[in-house]
Amino acid sequence: MVAGCLKKDGKILVGQRPQTHTLGGLWEFPGGKIELGESPEFALARELQEELGIMAEVGELKIACTHSYGDVGIVILFYEILFWKGEPKAQHHTELEWILPSELPLRKIPDANRKNLDRIFSAFNLIK
Ligand code: DGT
């Protein structure tokens, strides 16, 4: 799993997962699964193209988190995204929103993110 933190004017971009998917309705960082043969950076650039319609420059790997959903373990690699071409538009999520980082803990977010929120905040220099 790869996810990107897009930052603009002190805000971060989150998307609401479609109801029909696992964890439907939860707000997440855009991203997805790495496909066979892809580098994580390539996979994230592809996901951001598919989900947001942007051409992103994938920056530094900031943090790696692990989590288990039942008997399935996942690893999420979080990357910083500082530069991109195009305006993010929801092509997969129900809705996209630029929010203040302080709003993130108040949203319904995946357990994998909730559990690692402190690490995510410090890795991305976000202010609570
Ligand atoms: P799925 O999970 O089989 O319904 O398929 P997708 O396409 O909805 O899942 P995908 O490719 O977004 O995979 C991401 C998985 O990681 C999904 O099970 C949700 C979980 N996840 C936990 N935190 C995050 C996050 O911040 N961003 C993203 N994109 N996924 C997250």
Side-chain angles (χ1 to χ4, degrees):
M1 264 289 316
V2 283
C5 183
L6 276 72
K7 288 202 221 170
K8 193 178 74 173
D9 304 331
K11 294 189 170 177
I12 56 174
L13 187 69
V14 290
Q16 188 172 37
R17 290 179 65 83
Q19 289 298 342
T20 48
H21 285 237
T22 45
L23 312 177
L26 301 195
W27 292 85
E28 67 173 12
F29 292 99
K33 298 184 181 102
I34 302 171
E35 291 174 3
L36 219 56
E38 286 181 334
S39 68
E41 292 81 6
F42 182 93
L44 183 53
R46 176 186 50 71
E47 288 284 353
L48 297 177
Q49 170 74 66
E50 290 172 5
E51 293 190 351
L52 312 175
I54 60 169
M55 294 256 287
E57 191 178 306
V58 175
E60 245 185 277
L61 170 63
K62 287 292 189 178
I63 178 177
C65 299
T66 58
H67 186 68
S68 7
Y69 286 109
D71 55 4
V72 179
I74 61 164
V75 178
I76 309 180
L77 304 176
F78 284 93
Y79 286 85
E80 188 163 54
I81 311 289
L82 295 175
F83 307 104
W84 61 89
K85 279 192 195 137
E87 190 56 36
K89 288 196 190 71
Q91 300 185 352
H92 158 80
H93 295 98
T94 312
E95 209 182 323
L96 289 179
E97 233 181 288
W98 290 99
I99 63 168
L100 287 171
S102 56
E103 242 193 89
L104 188 60
L106 310 175
R107 300 264 167 146
K108 284 189 177 168
I109 58 176
D111 284 345
N113 301 25
R114 174 85 54 203
K115 198 178 81 179
N116 293 293
L117 220 43
D118 285 344
R119 288 179 64 215
I120 293 171
F121 268 76
S122 58
F124 287 106
N125 286 317
L126 303 175
I127 300 153
K128 270 193 191 167

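Just so you know, these numbers use all the heavy atoms, side chains as well, and skip hydrogens, waters and symmetry mates. When a ligand or atom number is given, it counts from 1 through the structure's own listing order.
- Considering only non-hydrogen protein atoms, atom 28 (C) of ligand 1 sits nearest to E28 OE1, 3.0 Å.
- The two residues A112 and I76 have their closest heavy-atom pair at CB-CD1, 3.9 Å.
- Polar contact with ligand 1: absent for H92 (N/O pair, distance under 3.5 Å).
- When heavy-atom distances to ligand 1 are checked against a 4.0 Å cut-off, N113 comes that close only through its side chain, counted from C-beta outward.
- Distance check: E51 CD to H93 NE2 gives 4.5 Å after rounding to the nearest 0.5 Å.
- Side-chain contact between H92 and E47: absent, with no pair of heavy atoms (C-beta onward) separated by less than 4.5 Å.
- Under 4.0 angstrom from ligand 1, the non-hydrogen atoms of L23 all belong to its side chain.
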Problem - side-chain contact (heavy atoms from CB on, under 4.5 Å) between C65 and R119, worked out - result: CA-CA 9 Å; C65 299; R119 288 179 64 215; 4.1 Å; yes
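- Atom NZ of residue K89 and atom CD1 of residue I54 lie 11.0 Å apart, to the nearest 0.5 angstrom.
- For atom 31 (C) of ligand 1, the nearest non-hydrogen atom from the set M1, E51, H67 belongs to M1.
- A pairwise comparison of heavy atoms in P101 and I127 identifies CB-O, 3.6 Å as the closest pair.
- Rounding to the nearest 0.5 angstrom, the gap separating the CZ atom in F78 from the CE atom in M1 is 7.0 Å.
- When side chains are defined from C-beta on, I120 counts as touching F29, because their heavy atoms get closer than 4.5 Å.
- The distance from ligand 1 to the heavy atoms of Y69 drops below 4.0 Å at these ligand atoms: 22 (C).
- For the pair R17 and ligand 1, a heavy-atom separation below 4.0 Å is found.
- Protein heavy atom nearest atom 6 (P) of ligand 1, with residue, atom name and distance: H21 ND1, 3.6 Å.
- Across I12 and L126, no two heavy atoms sit closer than the pair CG2-CD2, 3.8 Å.
- Annotation for F121 and L104: closest pair CE1-CD2, 4.2 Å, computed over non-hydrogen atoms.
- Remark: minimum distance from atom 27 (N) of ligand 1 to any protein heavy atom is reached at F29 O, 2.7 Å.
- Proximity to G31 (heavy-atom distance under 4.0 Å) selects the following atoms of ligand 1: 12 (O), 29 (N).
- Which of H93, K33, E50, E35 comes nearest to atom 9 (O) of ligand 1 through a heavy atom is settled by distance: it is K33.
- Checked by distance only, ligand 1 and E47 stay at 3.5 Å or farther apart across all their nitrogen or oxygen atoms.
- For atom 1 (P) of ligand 1, the nearest protein heavy atom (residue, atom name, distance) is T22 OG1, 3.2 Å.
- Ligand-side atoms of ligand 1 in range of I76: 22 (C), 23 (N), range being under 4.0 angstrom from any heavy atom.
- Ligand-side atoms of ligand 1 in range of P110: 22 (C), 23 (N), range being under 4.0 angstrom from any heavy atom.
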